[in-house]
Undergrad: 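Take this structure, written in structure tokens, and hold onto it; I'll ask about it next.
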Amino acid sequence: MATALARISRKALAVSLSQHLQLIVRAVATEAASLKTITPSPDQVKWDYRGQRQIIPLGQWLPKIAVDAYVAPNVVLAGQVKVCDGASVWNGSVLRGDLNKITVGFCSNVQERCVLHAAWNSPTGLPAETSIDRYVTVGAYCLLRSCTIEPECIIGQHSILMEGSLVETHSILEAGSVVPPGRRIPTGELWAGNPARFVRTLTHEETLEIPKLAVAINDLSNSYFSEFLPYSTVYLDVEKLKKKLGISI
């Protein structure tokens with residue numbers, strides 16, 4: 001008797017499980033059919049994800065790039081950033097102008113994987129913005145924060161310039177140098193080390209070579225325009241004007 005009851009219970013359990021599975025399959029099929037019939041709303045925002053964003057506006061601040069400046073496709077510019085005529089910012093660099101201004105001057109270059117930032121204020125009383133003047137070469141993997149670099153200088157790769165530091169014109173920092181907050185590098189000198197120390201005075205011939213290096217890198221960046229279109233913020237104004245005049249873009 002017990003054996004017969006066990007067989008009946010097992011059979012009933014199998015039947016109930018098969019019925020539940022059939023119901024689940026029907027529900028899934030019905031849900032899939034309903035999803036296929038959904039039509040997207042015409043008001044739906046169409047996002048275009050093509051890698052990381054290059055230009056990031058912050059509030060009222062929009063990065064400004066000159067027409068003939070070269071900015072690599074994977075560079076990030078955020079906030080109060082200005083890249084002047086003939087300047088170049090190379091692959092993987094990040095310029096964060098969220099707290100203060102960042103300026104890359106005429107015919108200057110910021111090479112690969114550099115990070116430029118600016119603090120709210122400077123403890124030395126100097127401007128807290130990060131300012132790179134004309135004909136300046138900033139080597140790869142440098143970190144610049146609220147510093148001022150005057151015209152015709154070379155910053156060696158892997159160098160760090162802290163808040164309030166000042167590099168005067170016709171000066172060179174060797175690779176791997178660390179300039180502490182508020183330190184001043186005088187005109188026409190070579191400094192190196194961690195922290196950076198005076199090495200020697202530059203010769204007249206060496207000071208003449210500094211702007212030539214910046215010009216050579218600018219000429220090299222011009223060859224990239226055949227592969228990448230010049231990417232500036234001027235096209236935004238053109239699109240606004242076309243939209244205002246009713247011209248199809």
Undergrad: Hey, which of Leu95, Val138, Val136, Asn109 is the one that makes side-chain contact (heavy atoms from CB on, under 4.5 Å) with Val104?
TA: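 Only match with Val104 under side-chain contact (heavy atoms from CB on, under 4.5 Å): Leu95.
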Undergrad: Will you find, in the side chains of Thr187 and Glu168, an N or O donor that is under 3.5 Å from an N or O acceptor?
TA: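 Yes, because at least one side-chain N or O of Thr187 sits under 3.5 Å from a partner of the opposite role on Glu168.
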Undergrad: With rounding to the nearest 0.5 Å, note down the distance linking OG1 in Thr137 to CG in Asn218.
TA: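 With rounding to 0.5 Å, OG1 (Thr137) is 10.5 Å from CG (Asn218).
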Undergrad: Using modelled atom types and a 3.5 Å cut-off, is there a donor and acceptor pairing between side-chain atoms of Gln54 and backbone atoms of Ala72?
TA: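 Yes: the side chain of Gln54 pairs with the backbone of Ala72.
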Undergrad: Measure from the side-chain N and O atoms of Thr103 to the backbone N and O of Ser131, and report whether any donor-acceptor pair falls under 3.5 Å.
TA: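 Here the side-chain-to-backbone pair does not exist.
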Undergrad: Hey, which of Lys101, Glu129, Arg96 is the one that makes side-chain contact (heavy atoms from CB on, under 4.5 Å) with Gln80?
TA: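 Only one option passes, and that is Lys101.
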Undergrad: Got a second to check how far Asn91's CG is from Cys114's SG, nearest 0.5 Å?
TA: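 If I round to the nearest 0.5 Å, the distance is 11.5 Å.
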Undergrad: For the side chain of Ser93 and the backbone of Gln111, is there at least one donor-acceptor N/O pair under 3.5 Å apart?
TA: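 Yes: the side chain of Ser93 pairs with the backbone of Gln111.
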Undergrad: Show the numbers, then the answer: is there a side chain to side chain contact (heavy atoms under 4.5 Å, CB included) between Val110 and Leu116?
TA: CA-CA 9 Å; Val110 177; Leu116 276 64; 3.9 Å; yes
Undergrad: Find the distance between NE2 (His170) and CD (Glu152) and round it off to the nearest 0.5 Å.
TA: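 Here the rounded value is 3.5 Å.
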Undergrad: Are Thr203 and Thr207 close enough that some pair of their side-chain heavy atoms sits under 4.5 Å apart?
TA: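 They are not in contact (no side-chain heavy atoms under 4.5 Å apart), so the answer is no.
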Undergrad: Any side-chain heavy-atom pair from Arg113 and Trp90 closer than 4.5 angstrom?
TA: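 No, side chains not in contact.
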Undergrad: If hydrophobic clusters are built by linking Ile, Leu, Val, Met, Phe, Trp and Tyr wherever their side-chain heavy atoms come under 4.5 Å apart, do Leu220 and Leu213 end up in the same one?
TA: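 Hydrophobic grouping puts Leu220 with Leu213.
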Undergrad: Determine the minimum heavy-atom distance between Leu62 and Pro57, stating which atoms define it.
TA: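 Of all heavy-atom pairs spanning Leu62 and Pro57, the closest is CD1-CG, 3.6 Å.
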Undergrad: Measure the CG-CG distance between Asn222 and Asp68 for me, rounded to the nearest 0.5 Å.
TA: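 Between Asn222 CG and Asp68 CG, I get 8.0 Å after rounding to 0.5 Å.
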Undergrad: Tell me, with the steps shown, if Ile149 and Asp133 meet side chain to side chain contact (heavy atoms under 4.5 Å, CB included).
TA: CA-CA 6 Å; Ile149 304 175; Asp133 216 309; over 6 Å; no
Undergrad: Can you give me the closest heavy-atom contact between Gly97 and Val81, atom names plus distance?
TA: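 The pair with the smallest heavy-atom distance is N-CG2, 3.9 Å.
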Undergrad: Does Asn74 use its side chain to pair, donor to acceptor, with the backbone of Gly92 at less than 3.5 Å?
TA: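 Such a contact is found between Asn74 side chain and Gly92 backbone.
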Undergrad: Taking all heavy atoms of Ser177 and all of Ala196, pick out the closest pair and write down the distance.
TA: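 Between these two residues, the closest heavy atoms are CB-CB, 4.5 Å.
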Undergrad: Could you state whether Ile102 and Ile55 fall into the same hydrophobic cluster, counting links through intermediate Ile, Leu, Val, Met, Phe, Trp or Tyr residues with side-chain heavy atoms under 4.5 angstrom apart?
TA: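 Shared cluster, yes.
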Undergrad: Indicate if Val115 and Val178 have the same hydrophobic cluster label, given that clusters are the connected sets of ILVMFWY residues with side-chain heavy-atom separations under 4.5 angstrom.
TA: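 Same cluster.
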Undergrad: As an exercise, state the distance from CD1 of Ile132 to OG1 of Thr130, rounded to the nearest 0.5 Å.
TA: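 Atom-to-atom, Ile132:CD1 and Thr130:OG1 are 7.5 Å apart.
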Undergrad: Counting only N and O atoms by type, is there a donor-acceptor contact under 3.5 Å from the side chain of Ser171 to the main-chain atoms of Leu190?
TA: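 No.
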Undergrad: Of the non-hydrogen atoms in Ala87 and Val83, which two are nearest, and what is the gap between them?
TA: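 It is CB-CG1, 3.8 Å.
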Undergrad: Is any side-chain heavy atom of Glu150 closer than 4.5 Å to one of Leu166?
TA: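 Yes. Closest side-chain heavy atoms under 4.5 Å.
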Undergrad: Show me, pair by pair, the donor-acceptor contacts under 3.5 angstrom made by side chains of residues 139-147, not counting sequence neighbours?
TA:
{"unit_1": "Arg145", "atom_1": "NE", "unit_2": "Glu163", "atom_2": "OE2", "d": "2.5"}
{"unit_1": "Arg145", "atom_1": "NH1", "unit_2": "His117", "atom_2": "ND1", "d": "2.5"}
{"unit_1": "Ser146", "atom_1": "OG", "unit_2": "Ala119", "atom_2": "N", "d": "2.6"}
{"unit_1": "Ser146", "atom_1": "OG", "unit_2": "Ala128", "atom_2": "O", "d": "2.7"}

Undergrad: Give the C-alpha distance, both sets of side-chain angles, the deciding distance and a yes or no for side chain to side chain contact (heavy atoms under 4.5 Å, CB included) between Ile172 and Leu202.
TA: CA-CA 8 Å; Ile172 296 178; Leu202 296 175; 3.8 Å; yes
Undergrad: Is there side-chain contact between Glu209 and Lys212, with at least one heavy-atom pair below 4.5 Å?
TA: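 Sidechains of Lys212 and Glu209: in contact.
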Undergrad: Can Leu77 and Ile65 be said to form a side chain to side chain contact (heavy atoms under 4.5 Å, CB included), step by step?
TA: CA-CA 10 Å; Leu77 308 178; Ile65 308 172; 3.5 Å; yes
Undergrad: Which distance, rounded to the nearest 0.5 Å, do you find between the CD of Gln157 and the CD1 of Ile155?
TA: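 Spacing of CD (Gln157) from CD1 (Ile155) equals 12.5 Å.
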Undergrad: Restricting to non-hydrogen atoms, name the atom on Leu99 and the atom on Ala118 that form the minimum distance, rounded to 0.1 Å.
TA: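 Of all heavy-atom pairs spanning Leu99 and Ala118, the closest is CB-O, 3.2 Å.
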Undergrad: Got a donor-acceptor contact below 3.5 angstrom from the Ser108 side chain to the Tyr135 backbone?
TA: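 Looks like yes, one N/O pair under 3.5 Å.
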Undergrad: On a heavy-atom basis, which atom in Cys153 and which in Ile210 lie closest, and how many Å separate them?
TA: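 Closest approach of Cys153 to Ile210: N-CG2, 3.6 Å.
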Undergrad: Could you check whether any side-chain heavy atom of Ile154 comes within less than 4.5 Å of a side-chain heavy atom of Leu173, counting everything from C-beta outward?
TA: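 The answer is no, as the side chains (C-beta and beyond) never meet within the 4.5 Å cut-off.
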Undergrad: I'd like to know if Phe198 and Ile185 are part of one continuous hydrophobic network [Ile/Leu/Val/Met/Phe/Trp/Tyr, side-chain heavy atoms within less than 4.5 Å].
TA: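 In one cluster: yes.
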Undergrad: Can you confirm whether Tyr224 sits close enough to Ser88 that some side-chain heavy atom of one is under 4.5 Å from a side-chain heavy atom of the other?
TA: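 A side-chain contact is absent here, since even the closest heavy-atom pair is not under 4.5 Å.
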Undergrad: I want to check something: taking the side chain as every heavy atom from C-beta on, are Val167 and Leu161 in contact at a cut-off of under 4.5 Å?
TA: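 Yes, close enough: below the 4.5 Å cut-off.
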